[in-house]
Amino acid sequence: MNSAPLGVFDSGIGGLTVARALFERLPREAVIYFGDTARVPYGPKSPETVRRYSAEILTYLLRRGVKAVVIACNTSTAHALGALQQQSPVPVVGVIEPGARAAVTATRSGTIGVIGTAGTIASGAYERAIKALRPAAQVHSQPCPLFVPLVEEGWFDHPAAELIAREYLEPLKRAQIDVLVLGCTHYPLIKPLLARVMGPDVTLVDSAEETATVVARELERRDLLANGAAHDHRFVVSDDEPHFRKVGALFLGEKLKQVEVVPL
Ligand code: DGL
């Protein structure tokens with residue numbers, strides 16, 4: 001048993017979709033969530049920059065005494081998971097392998113679509129993770145950089161969002177995928193729109209729940225689970241606390257009580 005907090009981080013707000021799944025799956029765990037709102041978005045930045053930012057956040061979370069770290073950001077997982085795992089004294093879990101696993105379980109045809117930020121798609125991380133699990137899978141990837149600002153703006157079902165989604169997703173429809181991986185933490189908020197555009201034959205997979213399951217298993221295996229009373233969660237951002245509080249409530253489905261500002 002270990003009552004130290006679990007560290008969860010993202011480039012900003014999006015990782016709250018993963019935090020929400022963790023709160024539900026592991027209600028006894030105290031979570032410190034760090035959102036790098038001063039430097040979001042990570043999607044268009046170089047792998048080196050994303051690795052540097054991610055390492056700085058890891059150092060901060062370790063100083064706060066976390067027992068494990070969840071990278072609740074696809075772009076950071078794509079560029080920095082290996083480096084953080086090497087330098088961290090505590091376990092580090094990312095969102096890509098769990099998402100790939102969920103996709104491989106859900107597909108019937110083996111033709112899988114992946115959408116994400118420019119950085120995530122360019123890294124090829126999802127394709128590698130899917131092919132490691134199912135070598136014969138056909139993977140079609142599509143960067144959708146405009147989705148993040150649309151979601152941040154709260155345009156979940158706006159006609160402009162639908163127009164952009166139709167344009168981005170057309171090649172995936174043509175490729176006849178039967179599973180679409182939402183490879184970005186913001187995308188679960190536009191799930192109804194994406195489902196409408198892709199049609200009923202395509203299963204949408206987001207990695208939040210699968211990641212929470214992997215984290216639970218990892219904590220159990222290492223005897224790190226907390227078994228005290230349910231805990232309050234802490235939220236820390238590097239800038240713009242009012243926006244985080246406002247949009248964060250949409251991601252989390254509840255009000256954010258305490259939000260600290262810590263510029264790294
Ligand atoms: N959190 C990022 C991800 O999941 C999206 C936002 C960003 O570009 O920083 O890839």
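When a ligand or atom number is given, it counts from 1 through the structure's own listing order. Remember, it's a predicted structure, so these values are computed and weren't measured experimentally.
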task = For residues Pro145 and Tyr168, determine if any side-chain heavy atom of one lies less than 4.5 Å from a side-chain heavy atom of the other.
result = yes
query = Heavy atoms, side chains only, cut-off 4.5 Å: are Tyr33 and Val236 in contact?
reply =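 Tyr33 does not reach Val236 side chain to side chain.
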query = Between Tyr42 and Tyr53, what is the ring plane arrangement, given parallel below 30°, perpendicular above 60°, and tilted in between?
reply =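 Plane angle between 30° and 60°, so tilted.
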message = Going by salt bridge (Lys or Arg N to Asp or Glu O under 4.0 Å), name the pairs with one or both residues in residues 152-161, residues two or more places apart or in two chains.
response =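 Residue pairs with at least one partner in residues 152-161: Asp157-Arg196.
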ask   = Hey, does the side chain of Ser76 reach the backbone of Ala72 with a donor-acceptor pair shorter than 3.5 angstrom?
value = no
Taking a 3.5 Å cut-off between nitrogen or oxygen atoms, can you list every pair linking ligand 1 to the protein, with distances?
{"residue": "ligand 1", "atom": "1 (N)", "partner": "Asp10", "partner atom": "OD1", "Å": "2.7"}
{"residue": "ligand 1", "atom": "1 (N)", "partner": "Ser11", "partner atom": "OG", "Å": "3.3"}
{"residue": "ligand 1", "atom": "1 (N)", "partner": "Thr185", "partner atom": "OG1", "Å": "3.0"}
{"residue": "ligand 1", "atom": "4 (O)", "partner": "Asn74", "partner atom": "N", "Å": "3.0"}
{"residue": "ligand 1", "atom": "4 (O)", "partner": "Asn74", "partner atom": "ND2", "Å": "3.2"}
{"residue": "ligand 1", "atom": "4 (O)", "partner": "Thr185", "partner atom": "N", "Å": "3.0"}
{"residue": "ligand 1", "atom": "4 (O)", "partner": "Thr185", "partner atom": "OG1", "Å": "3.1"}
{"residue": "ligand 1", "atom": "8 (O)", "partner": "Tyr42", "partner atom": "N", "Å": "3.4"}
{"residue": "ligand 1", "atom": "8 (O)", "partner": "Gly43", "partner atom": "N", "Å": "2.8"}
{"residue": "ligand 1", "atom": "9 (O)", "partner": "Ser11", "partner atom": "OG", "Å": "2.6"}
{"residue": "ligand 1", "atom": "9 (O)", "partner": "Tyr42", "partner atom": "N", "Å": "2.7"}
{"residue": "ligand 1", "atom": "10 (O)", "partner": "Thr75", "partner atom": "N", "Å": "3.1"}
{"residue": "ligand 1", "atom": "10 (O)", "partner": "Thr75", "partner atom": "OG1", "Å": "2.6"}

message = Between Glu97 and Arg128, is the salt bridge (Lys or Arg N to Asp or Glu O under 4.0 Å) condition met? List the steps.
response = CA-CA 9 Å; Glu97 215 270 337; Arg128 276 195 301 281; over 6 Å; no
